Amino acid sequence: MLIVMNHNATQADVDAITRIVAEMGFRAEPIPGSERTAIGVLGNHGYVDDTHILELPGVQRVLHVSKPYKLVSRDFHPEDTIVDVAGVKVGKGCRPVVVGGPCAIESEEQIIKTALFVKNTGADMLRGGAFKPRTGPHTFQGLREEGLKLLALAGKESGLPIVTEVMSPDNVGLVAEYADLLQVGARNMQNFDLLREVGRIRKPVLLKRGMSATVEEFLAAAEYILAEGNDQVILCERGIRTFETATRNTLDLSIVPLIKELSHLPIMVDPSHATGKRSLVAPMAKAALVSGADGVLVEVHPEPEKALSDGPQSLTFPGFEKMMNEISKLTVFLQSC
Ligand code: PEP
Ligand code: MN
């Protein structure tokens, strides 16, 4: 439930409602806006009788939210959230960001070379997996903590904030020691213990859409993170499973403007995992930015043919540079925060 206050409601009106909601056994969360304050009511299961609330001073109307998410919704929080990743701002009104890097950190040489290259071609952040969620157990699983150390070194050498995946609740503390932005991967979008754990840290989180997740499930997953107190969440569309097998997944670009209607959180797009095919990555990165995405996440490798994971979708260095040149010409790319 959301209690929308009149624009001339006083702080005393807001405080009184907060107290009354608490007496009803729920949690009240005032959300100040530029025009008016709204008060989110949390902790109710099902419909709450609003007759008493509607009569209180300062109340304009009451909205009953039947969706499984509230904190992430625009109804609760009309202003766009800007996520700050070690000084790089992501969200509405900011220049869209480009996150580049290999699927997995493989060696010091590989990650440093890539970091310096993506930095010099204009990327804003460096990505690289140290804990890899692979389909089968006999493939490369990542360098784990050693990989985190190499990624941190590459981040330092290039001056780029670093993004890396955390797969288990037990490793959140460890990954947070190194990463500037913690990624929760598609396969873990509904790992609720992991979502709660990243909700308790004070570092931003990149939440990828599960490969079979509906928009409602995606937002409900983000709600777990916000419900623990961390509102620094960037959503990421990375393609969903459909009947189509010509591409690795089907990139659902309509989710970008849809999420902007439903939520205040920024959304990025990963055209690499969405398509699985190098030649499709740059066109879909550009399409994502034109559709309003707040950034793109792109895999790039110095020698994709030797990559230990996701070589076929990784851009070469010249391919990445070409994509960067092309997207720098898009007008959306000229905004600043
Ligand atoms: C990744 O970004 O390396 C990754 C594994 O992505 P996803 O979770 O989207 O498959
Ligand atoms: Mn990958």
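Residue numbers run from 1 in the order of the sequence given. On a predicted model such as this, the values are computed, not experimentally measured, just so you know. One-based numbering, in listed order, for ligands and for the atoms of each.
- With 3.5 Å as the limit, one finds no donor-acceptor pair spanning the side chains of His301 and Asp310.
- Electrostatic pairing of Asp75 and Lys70 does not count as a salt bridge here, judged by no charged N lying under 4.0 Å from a carboxylate O.
- Under 2.8 Å from the Mn ion (ligand 2), one finds the following protein N/O/S atoms: Cys103 SG, His273 NE2, Glu299 OE2, Asp310 OD2.
- Close approach of ligand 1 to Ala186 is summarised as follows: ligand atoms under 4.0 Å from at least one heavy atom of the residue are 7 (P), 8 (O), 9 (O).
- The protein heavy atom nearest to atom 4 (C) of ligand 1 is His273 NE2, 3.4 Å.
- Salt-bridge check for Glu146 with Lys149: failed, with every basic side-chain N at 4.0 Å or more from each acidic carboxylate O.
- Checking only distances, Gln183 does come within under 3.5 Å of ligand 1, N or O to N or O.
- For residues 156-169, the set of pairs meeting the side-chain hydrogen bond (donor to acceptor under 3.5 Å, both in side chains) definition, not counting sequence neighbours, is empty.
- Near Gly185, the atoms of ligand 1 lying under 4.0 angstrom from a non-hydrogen atom of the residue are 8 (O).
- Between the side chains of Asp50 and His64, at least one donor-acceptor pair of N or O atoms lies under 3.5 Å.
- Comparing Arg127, Arg248, Arg238 by heavy-atom distance to atom 3 (O) of ligand 1, the nearest is Arg127.
- Counting only non-hydrogen atoms, the option in Lys208, Glu299, Arg209 that gets closest to atom 7 (P) of ligand 1 is Lys208.
- At a heavy-atom cutoff of 4.0 Å, ligand 1 is contacted by no atom of Met211, backbone or side chain.
- At a cut-off of 3.5 Å, with distance as the only test, no side-chain donor of Thr18 or Asp15 sits close to an acceptor on the other residue.
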Item checked: Check against side-chain contact (heavy atoms from CB on, under 4.5 Å), Glu299 and His273 -> CA-CA 9 Å; Glu299 288 186 342; His273 293 88; 2.7 Å; yes
Note to self: Please evaluate residues Asp252 and Thr250 with respect to the criterion side-chain hydrogen bond (donor to acceptor under 3.5 Å, both in side chains), reporting the C-alpha separation (whole Å), side-chain torsions for both, the decisive distance (0.1 Å), and the verdict.
What the structure shows: CA-CA 6 Å; Asp252 179 15; Thr250 298; over 6 Å; no
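- By the 6.0 Å contact criterion, CD on Glu109 is open, its count of non-hydrogen atoms from other residues, nucleotides or ligands being 12 or less.
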